[in-house]
Amino acid sequence: MLSSTFCHIPQVGERTEWRIWEAGIWTWEDALASPLLDTLFSRSLAFHLRSFLERSLLRLEEEDIAFFGEHLPGRELWRLFPEFRHQAVFLDIETTGLNPPEDYVTAITLFDGYRIKTFIHGMNLRDFLEEVMAYRFIITFNGKCFDLPFLERSLRVRLPQVHLDLRYVMKSLGFSGGLKACERAIGIDRGPLRGVDGYTAVLLWRKYQDGCPEALETLLAYNVADTVNLERLMVFAYNEKVRRLPLSRPLLPEPRKRILIPYRVHEEILDEVFFERLRMLSRKGEVW
DNA sequence: AATGGACGTGCGGTAGATCT
DNA sequence: AGATCTACCGCACGTCCATT
């Protein structure tokens with residue numbers, strides 16, 4: 001898909017890109033070879049397009065994702081996924097609440113399609129920065145508004161990777177209502193983690209701090225599930241985006257591999273947390 | 001409840017096309 | 001060549017929304 005992309009060229013927006021495609025120019029190679037380009041555009045613009053495409057070919061060969069990250073409009077970053085999948089990592093964090101700096105990161109999961117790595121406050125959280133720097137492409141859900149600003153603020157760094165936020169891709173496809181709603185819409189079942197949300201993760205952390213190690217394991221299982229599911233969401237979003245373009249490009253196969261989650265969900269702990277939450281809610285009700 | 005980025009809308013500027 | 005018209009990129013502003 002990337003080598004059918006033209007909207008990363010300055011002076012080319014959505015309409016111009018569609019005009020190029022509709023003229024039968026589907027790839028960079030087409031554009032470089034086709035005399036059609038000269039009938040569509042002025043001599044100087046055609047020259048500009050060709051020289052930028054020569055550059056693009058070179059940068060793709062060098063696997064320079066930063067180049068495309070800079071030039072692609074944010075809403076089209078999804079096009080990078082197949083070509084840069086090997087440099088991509090899915091990321092999700094859990095915290096003690098929504099407001100840094102009072103709140104802090106409790107757990108982070110990285111998943112690169114093969115390996116899962118978790119980082120836990122008070123244990124190995126410090127290793128996170130070095131690990132994440134091994135990747136040049138970060139994929140999240142709502143990470144633009146939450147995960148990355150939160151991390152950058154608490155670690156006092158700026159993460160230089162190209163960052164794709166699936167929230168807006170899904171929204172553009174007509175799916176909204178959060179990660180769980182998107183998962184349900186595309187048929188992902190969370191099993192024993194059904195009904196668990198970010199606030200549950202906050203309560204699980206508190207319970208862990210009160211001396212319950214099973215609460216931490218359940219929290220990690222939740223964090224990992226969120227992260228691993230991002231890959232299926234990404235593949236779905238990519239394919240759906242490609243389907244809606246006026247040119248036929250190969251789709252990605254659904255990830256079929258079974259991901260072994262190294263943590264167990266302790267359902268009795270979840271029940272306790274749900275029950276406590278219910279009690280808190282009803283107590284609030286009495287006040288009113 | 002706070003955060004902060006994306007998106008839609010509308011506007012201005014510019015390049016190219018068309019006409020005389 | 002000059003005047004006018006058209007297309008559309010890119011920016012600013014206000015609104016929306018998902019995260020723990």
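Numbered from 1 within each chain, the chains take letters A, B, ... in sequence-line order.
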Under-4.0 Å side-chain N/O to phosphate OP1/OP2 contact, A:Thr16 with C:dC9 | yes

Give one of base, sugar-phosphate or nothing for A:Ser176, where a contact means two heavy atoms less than 4.0 Å apart.
-> sugar-phosphate

Do A:Glu240 and A:Arg243 meet the salt-bridge criterion of a basic N to acidic O distance under 4.0 Å?
-> yes

Spacing of A:Leu91 atom CG relative to C:dT19 atom C1', expressed in whole Å = 13 Å

Side chain A:Arg75 and base B:dC7 donor-acceptor under 3.5 Å | no

So what does A:Ser172 touch, heavy atoms closer than 4.0 Å: a base, only the sugar-phosphate, or nothing?
-> nothing

Find which nucleotide of DNA chain C each of A:Thr96 and A:Arg167 is nearest to by heavy atoms, and output the residue with the more 5' nucleotide.
-> A:Arg167

Do A:Arg50 and A:Glu54 meet the salt-bridge criterion of a basic N to acidic O distance under 4.0 Å?
-> no

In terms of the nearest nucleotide of DNA chain B, which residue is placed more toward the 5' end: A:Thr39 or A:Pro149?
-> A:Pro149

Rounded to the nearest Å, what distance is computed from the CZ atom of residue A:Arg19 to the P atom of nucleotide C:dT6?
-> 16 Å

Give A:Gly74 one of three labels, base, sugar-phosphate or nothing, depending on what nucleic acid heavy atoms sit under 4.0 Å from its own.
-> nothing

Ring centroid separation for A:Phe41 and A:His48, is it under 6.0 angstrom?
-> no

Whole-Å distance separating the CZ atom of A:Phe146 from the C1' atom of C:dC17 | 14 Å

Select base, sugar-phosphate, or nothing to describe what A:Phe141 touches, counting heavy atoms under 4.0 Å on all strands.
-> sugar-phosphate

So what does A:Asn223 hit on the nucleic acid, given a heavy-atom distance under 4.0 Å: a base, only sugar-phosphate, or nothing?
-> nothing

Per nearest nucleotide of DNA chain C, the residue lying toward the 5' end, A:Val202 or A:Tyr168, is A:Tyr168

What is the distance from CG of A:Leu40 to P of B:dG16, rounded to the nearest Å?
-> 14 Å

Have a look at A:Ser172 and tell me which of A:Lys241, A:Arg75, A:Arg244 forms a side-chain hydrogen bond (donor to acceptor under 3.5 Å, both in side chains) with it.
-> A:Lys241

Does the gap between the ring centers of A:Tyr135 and A:Phe128 come in under 6.0 Å?
-> no

Using atom NE2 of A:His8 as one end and atom C1' of C:dC9 as the other, report the distance to the nearest whole Å.
-> 16 Å

Check the distance between C:dA7's C1' and A:Glu14's CD and give it to me in whole angstrom.
-> 14 Å

Report which part of the nucleic acid A:Gly143 touches: base, sugar-phosphate, or nothing (heavy-atom distance under 4.0 Å, all strands).
-> nothing

Separation of C:dT20 atom C1' from A:Tyr222 atom OH, nearest Å, is 8 Å

Touch check for A:Arg15, heavy atoms < 4.0 angstrom, all strands: base, sugar-phosphate only, or nothing?
-> sugar-phosphate

Calculate the interatomic distance between A:Arg153 atom CZ and B:dA2 atom P; express it in whole Å.
-> 13 Å

Out of C:dG10, C:dT20, B:dG4, which has the shortest distance to the side chain of A:Gln11?
-> C:dG10

Salt-bridge test for A:Lys117 and A:Asp112: reply yes if a basic N is under 4.0 Å from a carboxylate O, no otherwise.
-> no

